[in-house]
Amino acid sequence: MQERVCPVCGSKEFFFDPRRGEVVCAKCGYVLQEDIIEEGPEWRAFDPEQRVRRARTGAPMTLMIHDKGLSTDIDWRDRDIHGNQIRGSYRTKLRRLRMWQRRMRINDAAERNLAFALSELDRMAAQMHLPRRVKEAAAALYRRAVMKKLIRGRSIEGMVSAALYAACRIEGIPRTLDEIAAVSKVTKKEIGRSYRFLARGLKLNLKPTSPVEYVDRFGDALNLSQRTKKRAKEILREAIRRGITSGKGPTGLAAAALYVASLLEGERKTQREVAEVAHVTEVTVRNRYKELVEKLRLDVQI
DNA sequence: AAGACGAAAGTGGTTGA
DNA sequence: TCAACAACTTTCGTCTT
């Protein structure tokens, strides 16, 4: 079980409110996790491999068909089941019904698109254990994209993934394209393309992700103390200030900073461990770490 | 035995002519 | 559209603890 720390007050004590289905910080009342009952999968995953294997994909069947397959088709011929001509006022009524049904179908196309998109969004957000606000931000982005007619001609899957990727960044808890791709049905490349398109279409300000934003998540995964994570952030900020981070991958930098910080704070982690949570190689951790130590004149002994 | 280090070759994506 | 390019990965041998 991963140790949780309140992002507001730093407290590690929480209680679970079963009535509301929320995990709440005992000190300041910050809601750490909402909708536990509804969002989580019914199985438990003890490691990432299991999570990948156990996760089922795909929307519920009923959402694939907007009306759960219960709609009626009204035949275009003005005849009853015996093949007899229908005449008079009943015929006009039939024609009116046909017209309404056609209108509803057109209206439904957009709804159906949205329903499918949102169910996919739900699935991905749940699998990634993302907080509700991220999911809602993604849904809002997607709706805006629909209104601006940006979805037409591209895959819904790709655009939903892109919206989720963007939402994570906007909300300050970025996920990598690889992480999104792991729960998506489309490739990383496709998500990247869709994201750029979405960002341009909605005029999102796409500042590159700062490595600092990965420190808390990676640090938690490594069970590092608040103090060490803070140290890592300081190191990164200094590195950014001196401009030795430009062009480098943010995850690799975050990993290296955490590695150095773990040494400095006496909470030593191996390069292997750090590399693993950041999904980079040891070599990358090593290279970044070497640069940091060299350029920032950090004295790392032991 | 495990971790750290570094060299060298390979890969995929961006950039600029 | 193509080639150059930097970042990152893979692989592997060596040194250190």
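To find a chain, count down the sequence lines: A is the first, B the second, and so on, and within it residues start at 1. As a basis for the values below, the full set of heavy atoms in this structure was taken, side chains included, without hydrogen atoms, waters or symmetry mates.
Backbone-only contact: Gly247(A) has heavy atoms under 4.0 Å from sugar-phosphate atoms and none from a base. Within the nucleic acid shown, Thr270(A) comes within 4.0 Å of sugar-phosphate atoms alone, with no base atom in reach, counting heavy atoms only.
No hydrogens or angles considered: a donor-acceptor pair under 3.5 Å links the side chains of Glu179(A) and Thr176(A).
In this structure, Glu282(A) places its CD atom 11 Å from C1' of dT10(C), rounding to the nearest Å. For the pair Lys290(A) NZ and dG3(B) P, the computed distance is 20 Å after rounding to whole Å. Taking atom CZ on Arg193(A) and atom P on dT14(B), their separation rounds to 11 Å, with Å as the unit. Separating the CG atom of Leu263(A) from the C1' atom of dG3(B) is a distance of 12 Å, rounded to the nearest angstrom. Residue Asp178(A) contributes atom CG, which lies 14 Å from atom C1' of dT11(B) at whole-angstrom precision. The separation between Gln271(A) atom CD and dT16(C) atom P is 16 Å, rounded to whole Å. One atom, CZ of Arg272(A), and another, P of dT11(C), lie 12 Å apart when rounded to the nearest Å. Here dA4(B) presents its C1' atom at 13 Å from CG of Asn287(A), a figure rounded to the nearest Å.
Considering only side-chain atoms of Arg286(A), the nucleotide from dA7(B), dG13(B), dC5(B) that sits closest is dC5(B). In this structure, the nucleotide among dA4(B), dC8(C), dA7(B) sitting nearest to the side chain of Arg288(A) is dC8(C). Proximity note for Lys248(A) (side chain, C-beta onward) versus dA4(B), dA7(C), dT10(C): the nearest is dA7(C). Side chain of Lys189(A), nearest nucleotide from dG13(B), dA7(C), dT10(C): dG13(B).
Between Lys188(A) and dG12(B), a side-chain N or O to OP1/OP2 separation shorter than 4.0 Å is absent. Residue Tyr259(A) places at least one side-chain N or O under 4.0 Å from the OP1 or OP2 atom of dA4(B).
Both Lys269(A) and Val283(A) sit near DNA chain B, but only Lys269(A) has its closest nucleotide nearer the 5' end.
Nearest heavy-atom pair across Val186(A) and Ser155(A) is CG1-OG, 4.2 Å.
In this structure, Arg231(A) contributes its side chain and Leu258(A) its backbone to no donor-acceptor pair below 3.5 Å.
Figure legend: Arg154(A) and Phe197(A) shown as a cation-pi pair, the cationic atom lying under 6.0 angstrom from the six-membered ring centre and within 45 degrees of its axis.
Other residues, nucleotides and ligands contribute only 12 or fewer heavy atoms inside 6.0 Å of the NZ atom of Lys230(A).
If you check dA1(B) for Watson-Crick or wobble pairing at under 3.5 angstrom, you find it paired to dT17(C).
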